[in-house]
Amino acid sequence: MSTESLRIVWIYPDLLSTYGDRGNMLILARRAQQRGMPVEVLEVRSDQALPATADIYLIGGGEDGPQALGAQRLRADGGLHRAVAQGSVVFGVCAGYQLLGTSFFAKGVQCAGLELLDLSSDRGPSRAVGELAGDIDPRLGVPALTGFENHGGRTHLGPGVSPLARVTAGVGNDGATEGAWRGKLLGTYSHGPALARNPALADLLLRWATGAHQLPPLDDTWADRLRAERRAAVAAARA
Ligand code: GLN
């Protein structure tokens, strides 16, 4: 951690915050506090400079227009690139995932991404809307992904990243893989919010940020119930 407290930055809540993605910030802060870590949460709007010294940066989903504007501002600001160079953790969801790559399409126009992840996005034949599930890369030690997706883009991974998961329901990147990660950068199409539905993913980000190999377990009764309910919904839809 860069300072005494864990610093979490929510990037551009005025542009990128669909489907309850702000919940990712609440979950991270809460799970850190429950382990006795002091937490500082900063919500940085798109007209503000992005501090480069935080431990974890969160970027949510967004419609095409706000996504293009957000990417443009983040490129001009440079703070996220400096933070990544210093080893900060980044978690991007949907639009916030696509814009970490080299390029994406918004309103039919190809836009430059931040080039922090080796991936690019184009448009699919139809919107991918509904439950998203997958088996997460075993190297990450996180149980199956569950989420909700709603995106027109499809994402193609280069050799510089690994898929976050193999899709078992829904579309994700392309119907086969979902999300991507490299080092301490991780992106997913999963809303829900993702970290409420996948608390082990929240703990992975906390471990990356703190360097801890293990964190004390928490009571995840409600998260487990939610996960079981969503898994049952996916199974019922298939039957
Ligand atoms: N605008 C992007 C797309 O449709 C991302 C959507 C989202 O963040 N939910 O692909």
Side-chain angles (χ1 to χ4, degrees), residues 9-28 43-46 57-75 80 90-134 145-158 161 163-165 167 169-181 185-198 201-202 205 230 234:
V9 169
W10 176 247
I11 295 178
Y12 300 170
D14 53 328
L15 296 179
L16 300 166
S17 180
T18 50
Y19 307 114
D21 289 338
R22 181 173 182 272
N24 291 329
M25 178 185 83
L26 302 178
I27 293 286
L28 266 186
E43 301 198 21
V44 179
R45 289 192 322 267
S46 59
Y57 292 82
L58 302 173
I59 321 178
E63 284 148 17
D64 284 13
Q67 176 179 1
L69 187 57
Q72 215 176 57
R73 297 219 166 145
L74 282 171
R75 280 175 66 88
L80 192 61
V90 180
F91 180 64
V93 175
C94 205
Y97 162 47
Q98 291 179 6
L99 64 74
L100 293 174
T102 50
S103 66
F104 60 88
F105 276 81
K107 295 188 170 173
V109 177
Q110 191 172 30
C111 305
L114 303 186
E115 298 176 53
L116 290 169
L117 287 177
D118 180 17
L119 54 88
S120 63
S121 302
D122 55 15
R123 296 311 271 201
S126 59
R127 277 195 90 73
V129 186
E131 288 293 312
L132 172 63
L145 181 82
T146 156
F148 165 77
E149 64 182 338
N150 185 350
H151 53 102
R154 297 294 185 274
T155 298
H156 310 282
L157 308 187
V161 291
L164 170 64
V167 171
V171 175
N173 292 330
D174 57 3
T177 70
E178 144 54 16
W181 70 283
L185 277 60
L186 195 151
T188 176
Y189 271 110
S190 171
H191 299 281
L195 300 185
R197 288 178 63 155
N198 303 276
L201 208 49
L205 303 181
R230 291 293 89 207
V234 169

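Nothing here was measured: the structure is a model prediction, and the numbers come from that model. Start at 1 and go down the list; that is how both ligands and their atoms are numbered.
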Whether F148 and H191 hold their rings parallel, tilted or perpendicular, with breakpoints at 30° and 60°: tilted

Min heavy-atom dist R123 to ligand 1 below 4.0 Å: yes

Among R123, K107, R127, salt bridge (Lys or Arg N to Asp or Glu O under 4.0 Å) partner for D64: R123

Heavy-atom nearest neighbour in the protein, as seen from atom 9 (N) of ligand 1, with distance rounded to 0.1 Å: N150 O, 2.8 Å

Atom indices of ligand 1 within 4.0 angstrom of A95 heavy atoms, with elements: 5 (C), 7 (C), 8 (O)

Contacting atoms of ligand 1, where contact means under 4.0 angstrom from a heavy atom of G61: 8 (O)

Atoms in ligand 1 with a heavy atom of C94 nearer than 4.0 Å: 5 (C), 6 (C), 7 (C), 8 (O), 9 (N)

Heavy-atom donor-acceptor pair, D14 side chain to R45 backbone, under 3.5 Å: no

Interatomic spacing from CG in N173 to NE2 in H151 - rounded to 0.5 Å: 8.0 Å

Nearest non-hydrogen partners of P125 and R154, listed with the distance: CD-NH2, 4.0 Å

Close-contact set for ligand 1 against Q98 heavy atoms, below 4.0 Å: 2 (C), 3 (C), 10 (O)

Closest heavy-atom pair and its distance - S190, N198: OG-ND2, 4.2 Å

Reported CD-to-CE distance for the pair E43 and M25, which is rounded to 0.5 angstrom: 4.0 Å

Nearest non-hydrogen protein atom, atom 10 (O) of ligand 1: G153 N, 2.8 Å

Close-contact set for ligand 1 against R127 heavy atoms, below 4.0 Å: 4 (O)

Residue from Y97, F105, F104 passing side chain to side chain contact (heavy atoms under 4.5 Å, CB included) with S121: F104

Protein heavy atom at shortest distance from atom 5 (C) of ligand 1: G62 O, 3.5 Å

Donor-acceptor contact present, side-chain T102 to main-chain L119, <3.5 Å: yes

Nearest-neighbour protein heavy atom for atom 2 (C) of ligand 1, which is reported as residue plus atom name and distance: Q67 OE1, 3.2 Å

Heavy-atom nearest neighbour in the protein, as seen from atom 1 (N) of ligand 1, with distance rounded to 0.1 Å: D64 OD1, 2.6 Å

Protein heavy-atom partner closest to atom 3 (C) of ligand 1 - residue, atom, separation in Å: G152 N, 3.4 Å

Contacting atoms of ligand 1, where contact means under 4.0 angstrom from a heavy atom of H191: 9 (N)

